[in-house]
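Side-chain atoms are counted along with the backbone in the values below, which use heavy atoms only and exclude waters and symmetry mates. Residue numbering restarts at 1 for every chain, and letters A, B, ... go by the order of the sequence lines.
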Amino acid sequence: MQSSYMQGQANNQSADSARESVLRTHWRRFRRSWQLYLLLLLPLLWLFVFQYWPMYGAQIAFRNFLPGDKISGADWVGLANFQRFFQSAMFVRLMSNTLYLSIYSLVVGFPIPIIFALSLNQLRNGYFKQSVQLVSYAPYFISTVVLVGMLLQFLNLRTGPINLALMALGQEPVHFMGTASMFPSVYVWSGVWQFTGFNTVIYLAALSTIDPALHEAAVVDGANRLQRIWHIDLRGILPTAVTLLILNMGQIVNIGFEKIYLMQNPLNTSVSEVISTYVYKVGLIGGMTNYSYASAIGLFNSLIGLAMLVAANQLAKRLTGSSLW
Amino acid sequence: MVSAEEEVSAKALAARVRRPRNRIRDTGADLVFTIVNTTLLIVVFLLVLYPLVWVVSASFSDPIAVGSGRVVLLPVDFTVKAYKTIFQYSRVWSGYMNSIFYAVVGTLVNVGMTILAAYPLSRRDLYGKNFIMGLFVFSMMFSGGLIPFFLIVNKLGMYDTRWAIIIPQALSIWNMLIAITFFRTSFPPELLEAAQLDGCNDIQYLTKIVLPLSGPIIAVLALFYAVGHWNQYFTALIFLASKDLFPLQLVLRDILIANTIDLNLLEDAKTMAAKAGMRDLLKFALIVVSSVPVLLIYPFVQKYFVKGLMIGSVKG
């Protein structure tokens, strides 16, 4: 190995052998890592089969694919499926429902964990702080099915505690799960209940890295607690917050399927139908599954998601100097 | 990296040192702030806790008491009827068993795959590392969509088999990134060089040196994956058709949300109204029974979860 490399060096006046020696260097570096590649074999296989093959398969969005066809064998129809979607009545409804629910979730769900973390951080370490943390993380571990099951019971028109309390106060009970206009709020605020505690973990970690000397100096200068939270704590977690905001903004059109699908009923579909649930219904259930049309909607969604992530990242880079890549 | 406990204890120490000064300064505006802050946290604490307590109490109460809205905080007319009844329902049992199977086998596959992917990618000297990393990360940001994914899993013959729950979800790229960060920060290149001088190859290094020291990350990964398997229903919803393969969450969905439960099962209850009341009671008991495995281990593993998130946040 060593001698052939020397030979390659000696003959490098000729372009051919120079290229060959470059190739050989690459080959040698690859061979040195062969055991690592052996380890990577299964994960790479999985990556190609379950992540990249579907990307290749997404071309059925441009074809008229029927069950039983080969992916690349169906008739090419260009952008017809996309055009049909953009012109359909569902397009505006799906987009506005999706954006409304995501933006509502983001506006409420993004600042609350920050406020909660700052507030929790003011407590001395002790049983009270530990209990608040323990209880506030717990809902994270409840499954989506159970959460929606709990919502149905808790917001029940006759027996749920909220309506019982309303009736005790002489108010009319509210049919939370059966009123379309209540759907976004029930969706968002139950999410706050479930995820706030868990989402504070990352901010508490960031807060614990702030140099205590900053606080001591501020105390000496006569800053009160609120001023210290504003000028020291909040500044300290800003980079973490920006990173999470970018991640969340990139996900704005990828609103989760699971909870919305479970919360849907005939009374609220006008506001609860979003892109992911519609793709599922058009593509996988019912008698008239339309793979190509559903794929086109899904692909459109993925592309928008990617564009949002890139845009949010550029914006963050320009505004704050911190970004994902 | 300073470990979480060290950081916390250092903070506690600092707080103890500072405490006398704080006590003197906590006057005026600060005193008001502390009172308001503590009060708000108590309110939040109760708001989060109340729905949990209410569900548990309702599951131990008489159906009539629940139906007439008499259960406010504690169980009324204590009974364990609901718990006795749900385990006579065979679908709950088979769902429970299936969920345990998916959680155990799925988690073993997940942890194995995550280590196989994360260790090589944590090595700075891996040839073509950035390219392979890019392939993984890009697939987090862009996907081919549900339909092509579904068609491909079908084509591989996994539809309506247990494989469909395990294999397509074999790796979470997010968890892989957490593991990569752990390996990078815990194993300095000098250790590898020293081992290589002693004639150790890459696979031996992984199995004899890295893995025995990776207990914490394996625990974190196993917990993330296991909770994910236990709670998820979407994969089962799209890939399973046979009811005897259904995980617990899918059985729960039918009972809790689609409201389909065989009323004939409730022989004890005489009238239709009593049966309907019993059906609602069963829902409470089911919510409790299905969440218990996760909520029981949770207080003991809480610190691992927090640790896992913090490892992840170093990268972010």
Side-chain angles (χ1 to χ4, degrees), chain A residues 29-30 33 35-36 39-40 42-43 46-47 50-51 53-55 57-58 60 119 122 124-125 132 134-139 141-143 145-146 148-150 152-154 159 161 164 193 201-202 205 208 212 219 224-226 243 257-258 262 279-280 283-284 291 294-295 298-299 302 306 309, chain B residues 7 11-12 14-15 29-30 33 37 41 45 48-49 51 54-55 66-67 69 113 116-117 119-120 123 126-127 135 139 141-152 168 170-171 201-203 227 231 233-234 238 249 252-253 256-257 283 287 290-291 294-295 298-299 306 309-310 313 316:
Chain A
R29 289 182 54 203
F30 176 76
S33 303
Q35 288 193 331
L36 296 177
L39 297 171
L40 269 173
L42 274 178
W46 174 86
L47 184 71
F50 293 106
Q51 303 286 327
W53 196 7
M55 287 186 211
I60 64 171
S119 160
Q122 290 300 313
R124 297 203 184 94
N125 290 308
V132 175
L134 193 75
V135 167
S136 67
Y137 299 167
F141 297 94
I142 290 172
S143 74
V145 176
V146 166
V148 177
M150 279 177 71
L152 289 172
Q153 300 303 320
F154 202 71
T159 59
L164 288 174
W193 179 78
V201 172
I202 201 159
S208 70
V219 169
N224 66 30
R225 273 173 186 267
L226 265 181
T243 311
F257 168 93
E258 300 207 344
L262 291 173
V279 168
Y280 172 70
L284 297 184
Y291 288 140
S295 301
L299 188 61
S302 293
L306 184 62
L309 192 62
Chain B
E7 241 166 55
K11 249 185 81 185
D30 281 354
F33 174 84
N37 187 40
L41 281 171
F45 175 79
V48 178
L49 190 61
W54 181 75
V55 167
V66 180
M113 285 287 277
L116 285 179
Y119 175 69
R123 285 272 299 267
L126 175 71
Y127 174 71
L135 283 179
S139 77
M141 301 193 289
F142 182 76
S143 83
L146 175 67
I147 307 297
F149 179 69
F150 176 81
L151 291 175
I152 281 159
L171 182 63
N201 66 33
D202 290 327
I203 290 175
V227 171
N231 283 343
Y233 82 96
F234 181 62
I238 59 175
Q249 299 299 330
L252 285 180
R253 170 181 168 260
L256 293 180
I257 293 157
K283 293 181 182 172
I287 288 173
S290 66
S291 307
V294 177
L295 287 179
Y298 151 67
V306 174
L309 277 177
M310 295 217 272
S313 70

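- Put simply, the side chain of A:Ser302 gets close to the backbone of B:Ser143: a donor and an acceptor are under 3.5 Å apart.
- Heavy atoms closer than 4.5 Å to chain A are found in both the backbone and the side chain of B:Leu252.
- Only the side chain of B:Phe150 comes within less than 4.5 Å of a heavy atom in chain A; its backbone stays farther off.
- Only the side chain of A:Leu164 comes within contact range of chain B, judged by heavy atoms closer than 4.5 Å.
- At a 4.5 Å heavy-atom cutoff, the contact between B:Leu295 and chain A is made by side-chain atoms alone.
- Looking at B:Ile152, only its side chain comes within 4.5 Å of chain A, counting heavy atoms on both sides.
- Of the possible polar contacts, one joining the B:Tyr233 side chain to the A:Glu258 backbone as a donor-acceptor pair under 3.5 Å is found.
- Remark: the backbone N or O of B:Asp30 is not paired with any side-chain donor or acceptor of A:Asn224 at under 3.5 angstrom.
- Between chain B and the options A:Leu226, A:Leu262, A:Ile142, the largest number of non-hydrogen pairs under 4.5 Å is found for A:Leu262.
- The nearest pair of heavy atoms linking A:Pro139 to B:Val48 is CG-CG1, 3.6 Å.
- In this structure, the separation between CD on A:Gln122 and CG on B:Asn37 is 6.5 Å, given to the nearest 0.5 Å.
- Closest approach of B:Phe45 and A:Val135 over heavy atoms only: CE1-CG2, 3.4 Å.
- Expressed to the nearest 0.5 Å, how far CG of A:Leu134 lies from CG of B:Leu49 amounts to 10.0 Å.
- Per-residue heavy-atom pair counts under 4.5 Å with chain B were compared for A:Gly298, A:Ala58, A:Ser119, A:Ser33, and the maximum is reached by A:Ser119.
- Minimum interatomic distance between B:Leu256 and A:Val145 (heavy atoms only, all atoms of both residues): CD1-O, 4.1 Å.
- Both the backbone and the side chain of B:Phe149 come within less than 4.5 Å of a heavy atom in chain A.
- Side-chain contact check for A:Gln153 versus B:Val55: every heavy-atom pair is 4.5 Å or farther apart.
- Annotation: side chain of B:Asp202 is not in contact with side chain of A:Leu39 (no heavy-atom distance under 4.5 Å).
- In this structure the side chain of A:Leu152 reaches within 4.5 angstrom of the side chain of B:Ile257, judged on heavy atoms.
- When each of B:Leu146, B:Val227, B:Ile203 is checked for heavy-atom pairs under 4.5 Å with chain A, B:Ile203 comes out on top.
- With chain A as the partner, the residue from B:Leu171, B:Leu126, B:Val294 showing the most heavy-atom pairs under 4.5 Å is B:Leu171.
- Looking at B:Ser290, only its side chain comes within 4.5 Å of chain A, counting heavy atoms on both sides.
- Between chain B and the options A:Phe141, A:Phe154, A:Tyr280, the largest number of non-hydrogen pairs under 4.5 Å is found for A:Phe141.
- Across all non-hydrogen atoms, the minimal contact from A:Ser143 to B:Gln249 is OG-OE1, 2.7 Å.
- For B:Leu116, the parts lying under 4.5 angstrom from a heavy atom of chain A are both the backbone and the side chain.
- Heavy-atom distances place the side chain of A:Leu47, and not its backbone, under 4.5 Å from chain B.
- The two residues A:Val146 and B:Ser291 have their closest heavy-atom pair at CG1-OG, 3.7 Å.
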